[in-house]
Every structure is written in structure tokens, then in C-alpha cells.
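Have a look at the structure below before the remarks.
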Amino acid sequence: MKFDPTLLDAKWQKYWRDNETYRTETTSDKPKYYVLDMFPYPSGAGLHVGHPLGYIASDIYSRYKRQRGFNVLHPMGFDAFGLPAEQYAIDTGVHPSVSTEKNMARYKDQMERLALSFDWSRAVNTSDPKYYKWTQWTISRFWHNWYDKAQKKARPISELIAHLEANGTEGLQAAQTEELSLSASDWKALDKKGRSEVLMNYRLAYRSVSTVNWCEELGSVLANDEVKDGKSERGGHPVEQRPMVQWSLRITAYAERLLQGLDTVDYSEGLKAQQANWIGKSTGALAYFDIEGHEERLTVYTTRPDTIFGVTFMVLAPEHEWVDQLTTPEQQAEIDKYQTYVAGRTELERQQDVKTVSGAFTGSYCINPLNGKRVPIYIAEYVLKDYGTGAIMAVPSDDERDKRFAEHFGIEIIQVVDKTDYPGATLKDKVGVMINSGFMNGMQVPEAIKAATQKLEEQGRGQYDVNYRIRDLVFSRQRYWGEPWPIVYDQDGVPEFLPTEQLPVELPPMEDFRYRDGKAPLERATDWVNSEHGRRETDTMPATAGSNWYYLRYMDPHNEEAFVGQDAVNYWQDVDLYLGGVEHAVSHILYSRLCHKLWFDIGLVPTREPYKKLFNQGMIGAPITSIHLARATAEDGSEHKVWVNFQTSAGGGIPRMPTSSNEVSQTEIRDRKVDVPGLGTLTIQEIELDRKVPLRLVEETSVDNEASFRLYRKAIDELDKDDAQDAAYFRQILSQGEAIAWTKEKDGREYVELSYVMGKMSKSKYNVINPDDICARYGVDCFRMYEMFLGPLDQAKPWSVSGIDGVYRFLRRFWGLFYDETGNFNVSDVEPGKAEMKSVHTCIQKVTDDIEKLSFNTCVSAFMVATNELIKLKANQRDVLEPLVRLIAPFAPHLAEELYAALGHDGSVHHTHWPAFEPKWLVEDSVTLPIAFNGKTRFTLEFPADADKATVEAAVLANAQVQQQIGNKSVKRVIVVPGRMVNMVVG
RNA sequence: GCCGACGUGGCGGAAUUGGUAGACGCGCUGGAUUCAAAAUCCAGUUUCUUCGGAAGUGCGGGUUCGAUUCCCGCCGUCGGUACCA
């Protein structure tokens with residue numbers, strides 16, 4: 001049989017389907033191993049070559065673990081709810097349920113085609129009512145619980161009610177929206193509505209008025225992580241801050257545990273840092289400042305209580321609730337004016353311009369609790385309402401922003417920390433010696449922080465405090481395509497979470513679900529809203545609701561009694577290896593960790609963390625090529641249309657791979673001159689057209705070792721019928737620059753040089769490279785191994801097809817170990833020699849180690865090395881080749897299956913054991929050691945493998961070559977590292 | 001600004017706890033085979049060189065018998081994040 005990958009692909013994929021080779025038992029006597037991929041949103045563009053990188057890696061690992069005797073759970077599903085599907089529906093008129101269904105089928109086909117060993121009987125779809133019944137149920141657990149800070153865990157609301165009935169809020173240490181003070185009789189006196197409002201203050205899923213990111217364009221609020229640079233991550237629409245009634249999850253209750261849990265999991269340092277950063281823990285103190293002429297004391301949070309003697313003014317956020325009371329009649333006009341100014345600023349404006357100092361004086365004064373000094377109270381937008389207490393004590397000597405403010409308003413600056421010993425130190429470094437600070441004078445900063453905090457506490461004017469940057473998770477969206485909140489309101493507007501029997505609350509079928517007139521689309525489904533149980537909530541949940549818990553559903557996907565069965569979760573426990581893109585590193589991981597911790601608290605899951613090990617694969621990008629038509633003027637004043645290449649005209653160097661989903665920023669044209677043959681130097685006036693060019697029309701060449709992309713004139717004619725519109729468009733734009741556009745090659749072909757950047761593959765950028773064509777041409781095994789061979793898994797890399805031939809050659813050579821040139825099976829049962837066995841076992845050791853390290857690129861190279869060696873040895877013995885087949889099975893499943901059968905076995909190679917590494921084959925009689933002089937290797941010498949240090953040293957010194965090197969110098973020292981090398985210090 | 005990652009041939013990238021830098025692959029050069037091409041096979045391929053060697057892993061120091069690896073200080077690239085008090 002000759003090597004024909006296309007034939008093998010078809011044959012064995014059918015076999016696997018027919019035999020359900022990858023079916024996973026829910027429980028087993030075998031040890032479990034759970035390998036999870038982040039499930040995709042099924043977009044209309046299908047899979048591109050970037051998607052499978054992580055899937056192939058996790059597949060190899062899963063197959064490896066199966067062969068090591070584990071019961072492996074390796075599932076796949078679809079994250080089908082969310083904005084993209086809905087937006088697509090609005091644009092095209094196709095209902096999201098229809099487009100999603102179609103796209104999922106296509107994704108599944110493509111994944112099966114790549115031989116990914118998913119157990120499809122376990123697939124989930126977040127938009128399926130059978131699934132989102134339980135998504136709604138998971139959120140009910142938030143509703144039915146509160147967080148007890150004393151016990152550091154969630155407890156049922158019923159226990160909170162019992163506490164309120166017995167003691168009111170006395171002794172209650174709960175995570176809450178605001179501090180409540182209520183006696184037991186107060187509680188008992190409350191009616192249903194009143195009690196509901198009190199409980200809402202404690203529930204882990206709660207409704208409140210909060211300042212949210214509102215995006216008018218999308219007609220919905222957005223979570224903090226859905227906002228980038230003051231714009232919506234999806235679509236780049238403007239986002240404003242707006243107070244609204246919203247459902248939220250009380251993630252702040254878990255801030256500390258989410259932070260500490262990071263020490264117990266195997267995530268990369270960078271990822272842990274990102275999570276920790278998002279949680280944003282800081283320690284410091286609250287300080288209470290008396291306000292002249294007022295009863296209340298102003299509370300501020302500071303990380304530097306030691307600098308309190310340097311306080312010369314106070315600042316409140318412009319939206320702070322006390323601003324009105326504190327404003328004196330004389331200052332009223334100024335404060336009003338400033339508040340109006342701030343309210344008119346968008347989030348983006350506020351972020352972009354942080355250097356401008358602005359603020360207004362309220363007219364009121366505070367008293368410094370430690371030195372009694374009278375300080376003025378200002379408002380300014382650099383103080384944020386939502387962080388700390390929304391008010392600060394300003395220390396202009398040690399804070400850059402306070403300093404700018406003080407200088408601008410002519411406020412006194414008092415030095416309190418002598419940092420002469422620490423040049424360049426900032427406030428955050430917390431170093432220096434205290435001066436002008438009363439009892440703290442002479443103390444080092446860390447000591448002074450403790451002293452100041454202690455003093456505040458003693459006097460009842462402050463206390464030690466911990467602050468977290470993380471905000472509660474806004475969990476409402478005013479959109480259609482998501483899980484409805486299963487909440488109904490009675491006549492008095494008291495909300496009730498529907499019981500499990502009444503779930504799921506299904507989305508009503510709607511034709512038109514555009515956001516309109518400031519109302520959520522579901523509000524228009526009036527029959528649905530006015531249900532027999534009461535008026536329904538019309539907000540839906542964000543896309544993260546479904547992905548928070550999907551890893552649990554895979555364990556037991558068809559359970560109709562529970563979100564996951566106890567037996568299943570007790571067996572599978574948690575995810576051992578989680579693979580996915582770095583773009584989900586913060587939000588998705590953090591939110592599902594939150595959910596898991598709640599479920600742990602209430603006894604639903606046995607582990608504290610959902611994902612033991614998390615690995616982020618790098619993105620595969622492709623060039624995004626663009627053509628630019630510019631209007632330019634020549635020196636004689638005549639006007640021309642010219643093609644310009646942004647990179648070359650800007651001299652901007654070689655574009656690199658971005659590693660996130662960020663949009664590629666357009667390079668500015670710094671140098672506005674272009675040379676055009678026959679016209680001289682032209683000055684570019686304006687870019688008239690800027691159009692992405694489909695990558696398949698582009699030829700890549702290399703000019704001065706830099707990649708260069710060219711569009712040839714005749715390529716336009718190759719646009720097929722599907723792209724008739726594009727073809728016409730390109731003809732049109734190309735004709736506009738006709739006179740001077742084309743550069744002629746020697747052979748007469750004409751081209752335009754294109755600008756390019758490396759970026760994420762996307763349909764809209766015309767740079768999607770589809771794996772199907774490559775698989776059809778080289779076979780799936782080759783595609784899989786090539787993707788792994790591209791480089792380390794966690795690194796971002798550009799897709800390049802150059803090099804795939806090398807992998808293809810390797811596979812054919814590997815095949816050639818089993819079959820001769822005429823296609824006859826040619827494996828002998830002769831006992832192999834030592835050299836052959838050494839090759840194989842070197843390979844077994846290397847591949848086994850490297851799979852464990854997820855270093856798949858080096859595995860491929862180990863296979864190549866072994867194959868090259870065995871070909872040289874003309875090895876064709878069964879005992880050499882059979883272990884190799886089992887070893888390569890996770891990488892090239894079709895090839896391995898075929899060869900395994902050819903070797904005379906029944907059943908699948910993927911159900912066999914992993915070849916055992918036997919170190920004895922690597923033992924050599926002699927070793928070759930490098931001989932170095934003063935650390936520089938000169939030559940090598942051979943020694944018996946068991947020679948000790950003294951023997952080697954003696955042999956080296958007796959060697960003629962060594963003596964020649966030494967010459968007339970003397971040997972000062974000889975270092976012998978047995979089995980490694982010899983180094984001689986001569987001089 | 002802060003946090004994190006990275007920097008090795010023409011290119012993608014290898015190098016166990018510090019121990020022969022450049023594995024493996026691409027590309028390129030030469031050769032074999034062929035009427036010819038493709039495919040395949042063989043050899044070479046860091047740079048410089050007076051052909052003895054010498055230098056070399058972003059730059060400058062340090063530790064060490066020995067540094068791509070460890071330490072200090074820079075430079076550059078990428079990613080995340082930010083009036084967070």
C-alpha cells in the first residue's frame with residue numbers, strides 16, 4: 001500500500017464514528033483525567049487555521065492520557081448565546097437560533113474532520129433550553145444565598161432570615177450593598193416588600209441602582225471587561241456611565257478568596273498577575289475627618305496613613321452624595337458649574353485627558369484627626385465615586401495628582417517623607433523617613449503606617465482597612481439573545497426567583513428584537529411578560545452565564561434532575577487541564593471561579609477551584625493586506641492618483657504579531673512623499689481609498705529579507721463568481737489609479753505593493769485561511785503535526801504554509817519504514833540491534849517528557865530524528881516499529897491506526913497502552929566528552945562509560961592532543977564532570 | 001506610569017539542575033537521477049579568517065573552571081492595565 005493520507009482520513013474517521021471510539025464512561029474504575037478546551041462561539045465564518053491549534057494540542061494530550069490508562073473526559077460544545085449572533089441576526093434578518101444551528105453543524109463537521117477525539121454525545125449548547133434551564137438554576141443559587149464574612153462562606157437566605165428575626169442586624173457580618181441597622185422588631189414590623197428590600201441588600205444575586213457602562217448603540221449595559229478604552233469591545237461604540245437598575249452578582253464578597261485561590265492553581269505567572277490586578281487588593285486605613293459645622297464625619301480611604309500630617313486639602317468625587325450639603329451658598333454657583341461640566345464628559349474624554357487639572361471648592365472645611373489642622377474640601381473628577389469611599393485626603397507632597405491639583409489651586413504643600421536616601425522613589429514604594437509629622441518623626445515609612453493606623457484606631461478616628469478594586473458583576477443585558485432572568489414581580493413590584501420546576505423560562509419567539517425606544521426587546525413580548533406567575537423580568541443574562549458552569553455539565557450532560565449529578569461530579573471533580581485563548585484570561589476564568597466557590601460553599605462541588613491547570617495557547621495570525629489609493633500633487637502642481645504602501649512610506653519597520661484580539665491600528669503616514677517614475681516626487685494630499693485585499697489574491701515575496709505582499713493585475717480576474725461584487729469593486733478601484741499604479745516586472749507582469757500588518761484572522765479582514773484545503777491536500781495527520789511544529793504552543797505566530805512540505809516528507813518517510821517503494825508491507829520479526837533500540841527509546845523518552853510539558857513542537861522533531869536514524873539503519877523490525885506507532889498515535893491518529901492494523905492488531909491503536917521507556921537501551925559502553933580549555937571547547941575524546949574522575953583526568957593529561965594545547969603553559973586545575981565534560985584551567 | 005512576557009542564523013525555532021550554542025524543519029547552494037521538469041536522494045549552509053584559528057545568543061557589567069541559562073544596570077518588542085487614593 002502506498003501512502004495516501006486522503007484515503008486513510010476517510011477510512012479511519014468512518015471507523016471511529018461507527019465504533020464510538022471516543023465515547024467516555026461517566027464513571028469508571030480507572031483514574032479520571034479531564035481535558036477541556038474553551039468552547040467556541042460558532043461564528044458564520046467557520047473554523048480557520050488558528051482555531052485548531054489549541055484543539056489539536058488538547059487532543060494529543062487527551063489521546064496520550066487515554067493510552068496511559070486514564071478515563072479521559074474531552075468534550076466540546078458551543079457558546080451560542082450573546083451579542084455576535086444577535087447582531088448578525090439584526091444585520092441579516094436570519095434568526096439567531098437558525099444561524100447558530102447551521103454554524104454549529106459546520107463547526108462539528110470541521111472538528112471531526114480534524115480527528116479531534118471529542119465525545120460528541122456530551123456536546124452542550126448554551127442556547128438550548130435544556131441547557132439554559134440549569135444556567136438559570138445556577139444563578140438561583142446566588143439569589144438564595146448570602147455571604148457570611150465571619151464564616152467566610154455563603155449561607156442560605158433562610159439562615160439570614162432566622163438571624164434577622166432573632167437579632168435584627170446585630171452581630172451580622174455580611175457582604176452587603178449598604179450598611180443596614182435594624183432591630184429584630186424592626187424586621188418583624190416590615191411588610192413583604194420591605195423584607196424583600198432588606199434581603200436584596202444581602203443576596204448574592206441582587207437588584208440595585210448602580211452606575212453602569214451604558215452603550216446606546218448596542219442598547220445594553222456592558223460589564224467592565226466588555227469596555228476597552230472607553231468604547232465597547234464589540235463594535236467600538238461609545239460607552240457612558242449611567243445610573244440604572246440592574247441585576248448584579250456579588251463577586252466582591254469573594255474577592256479575597258479569588259485572590260488567595262490563585263496560589264493553589266497552576267496558571268502562568270502572567271495570568272495570575274492579570275487576575276490579581278483585576279481584583280486589585282490594597283491595604284491601608286480609613287480615616288474619619290470631622291467636618292466644621294456638620295454632625296457627620298467624612299470617611300476617606302488611604303494606603304498611606306503615615307502621610308496624614310501632609311494633608312492640606314480633601315477631595316470628593318463630583319457625584320459624592322454629600323457635595324450638596326457641604327457646598328456653601330457662596331460656592332454654590334461654582335460647584336454647580338463644575339458638576340455640569342463633569343456630567344457632560346464622556347468616559348472616553350475623561351480617560352484620554354488626565355493631565356488637565358480641574359475641580360471646585362465647596363467652601364467647607366475638615367479637621368485633620370491627628371493634628372487638628374483645618375483643611376478645605378474640594379470636588380474633582382480625578383476622584384472616582386466607586387473606588388474606596390469616593391473621597392480622599394490629599395497629600396500633595398507625595399502624590400503626583402494631588403501635587404498638580406495643589407499647584408493649580410495654590411494650596412500649601414508640606415513635605416512629610418524625607419526620601420533623600422531613595423532617589424526616584426514614589427508614593428507606591430513606601431520608603432523614606434518621616435518629617436514634620438509629630439509623633440512619627442524619624443520613623444521609617446512602614447513603621448509609620450502602622451503607628452498612624454494604631455493612633456487612629458486608639459482615638460476612634462479611623463481603622464485598618466482592605467480595599468478591592470473589583471466591582472460587583474453587572475449581570476443584566478437589555479438584549480434578546482440570552483437567558484431570561486427567571487424572575488417575576490407581583491403587583492407591588494416584589495421580585496421572586498421562579499422555582500426549579502418552573503425553569504427554564506424560555507425566550508419567547510420574536511421576529512424583531514431590535515433595541516428600541518430605550519426599552520429592552522423582551523418588553524415588547526407582552527404576552528410573555530404578563531405571565532400567570534406575575535410580570536416577568538425582561539433583562540437577559542450576559543454571555544458569561546452559560547460559560548460559567550459548562551465544564552460541570554459535560555460531566556453529566558443529560559441529567560434532567562440536577563445541573564450535574566453528584567456521582568458524576570464526585571468522580572470527575574474538576575478540570576485537570578484547561579486550554580484556551582488568552583483573551584478569556586481575566587473575565588471568563590474569574591467568573592467561573594466565583595461560581596465554583598459558591599457551589600463549593602453550598603456543597604454542590606467537592607473542589608475549591610474549577611481548573612487545576614490553565615494553559616493559554618498563542619494566536620495564529622495572518623497578514624492583513626491593504627491597498628491605498630492616494631491623491632497626490634507633483635512638484636509642478638499637477639494632481640495624480642497614486643498607490644501608497646503605508647509601511648514603506650512611513651518607514652515603520654516590520655509589522656509584528658499582535659497577541660490579542662485588539663484591532664490593528666493604522667500606521668500614520670509620517671513621510672508624505674512618494675517617488676513615482678516619470679513624475680518625480682509627489683506629495684500625498686489625502687488617502688481616498690483604503691481597502692483590504694483578500695489574502696488569496698496576494699503573492700508573498702521577499703525583498704531584502706522582509707516579507708512583501710503584492711497584488712498582480714491579473715489576480716483580479718481570478719475572483720470567482722461568489723465574489724463578483726468584490727471583483728467589480730476591485731476592478732473599479734484599480735482602474736482609478738491606472739496611469740501610474742503598476743510596477744512592471746522583468747517578465748512583464750504588473751503589480752501593486754500592498755501594506756500589511758499581522759493580525760487575527762477574520763472574515764472582515766479577508767485573511768481567513770481555512771484548514772479544509774490544507775487537509776485535503778496533505779491529509780489531516782500532516783496538518784495536525786505541522787500546526788504543532790510551528791513553535792511553542794503558548795507563542796503567538798503568523799500562519800505560514802512554507803514548511804508543511806517538510807512535515808509531509810517526514811510522514812512519507814515514516815510510512816516508508818513499514819512499506820517498500822512498491823507498496824509492499826515490509827516489517828520483519830527479526831530481533832533488532834542495539835542501535836535501533838536506542839533510537840526508539842530515546843524517542844519514547846523525549847516524546848513522553850515533552851507531551852507532559854505540552855512541548856509538542858519538540859515532539860515532532862524527536863519523531864523526525866528517530867525516523868532519520870532508522871532509515872539510515874534500514875530498520876524494519878517489529879520491535880522497533882510497533883512502539884513508534886503507538887507513540888505517534890496521538891499526533892497522527894489515522895496513520896497510526898492504519899499501521900497498527902497492518903501490524904496485525906484488531907481494535908483501535910488509541911485504546912492500547914503507551915510504550916514503556918527502558919533506560920537500559922540508552923546505556924553506552926563509552927562516552928564522548930568535550931575537552932575544554934579555560935571554558936572553550938577544543939575537541940572531544942572518548943572514555944569508557946564507567947570511568948571515574950581520576951581515570952578520566954589521568955587519561956586526559958596523558959593525551960597528546962591535550963599536551964599540544966597546553967604547550968608550555970601549566971595546568972592549574974582540571975574539572976571533570978562525569979558523563980558531561982572536561983575543563984582545564986591553563987595559564 | 002505600573003504589571004507580565006520576550007529578545008538565539010536568511011526564516012520558524014532547539015538546547016535537562018549552568019556543561020560541545022544553532023537540534024529539527026523551511027529556504028538557499030552544489031551534486032546524483034531525468035530527454036527535461038516535478039518528485040526523490042546525497043553533501044554543504046552562524047559570521048569573520050592570514051585556513052592556524054578567532055568571535056558569537058539585544059547592549060554594558062558581575063558571579064563561576066565554565067553563562068543563551070544566575071545576579072545588577074540599560075535598550076528594544078509584544079501583551080495587560082491605569083487619575084484606584
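Residue numbers begin at 1 in each chain, while the letters A, B, ... track the order of the sequences.
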Could a donor-acceptor pair under 3.5 angstrom be found where the side chain of A:R469 meets the base of B:rU81?
no
Check whether the ring centres of A:Y338 and A:Y341 lie less than 6.0 Å apart, and answer yes or no.
yes
Tell me the stems RNA chain B sits in, counting at least three consecutive Watson-Crick or G-U wobble pairs, each under 3.5 Å on both distances.
B:1-7 with B:75-81, B:10-12 with B:24-26, B:27-32 with B:40-45, B:46-48 with B:53-55, B:58-62 with B:70-74
For A:Y301 and B:rA85, is the shortest distance between a side-chain N/O and OP1 or OP2 below 4.0 Å?
no
Give each protein N/O atom lying under 3.5 Å from an N/O atom of nucleotides 38-40 of chain B, with the pair distance.
from   : atom 1 : to     : atom 2 : distance (Å)
B:rU40 : OP1    : A:R809 : NE     : 3.1
B:rU40 : OP1    : A:R812 : NH2    : 2.9

Distance between the C1' atoms of B:rA38 and B:rU46, in whole angstroms?
32 Å
Look at the side chain of A:T303 and decide which nucleotide, out of B:rA85, B:rG4, B:rU81, has an atom nearest to it.
B:rA85
Report which part of the nucleic acid A:V807 touches: base, sugar-phosphate, or nothing (heavy-atom distance under 4.0 Å, all strands).
nothing
Does a salt bridge link A:R784 with A:D781, judged by any charged N lying under 4.0 Å from a carboxylate O?
no
Could you tell me whether A:K2 and A:D4 make a salt bridge, using a distance below 4.0 angstrom between a side-chain N and a carboxylate O?
no
So, is A:N467 close to the B:rA85 phosphate, meaning a side-chain N or O under 4.0 Å from OP1 or OP2?
no
A:T307 versus A:D398, side-chain donor and acceptor atoms under 3.5 Å:
no
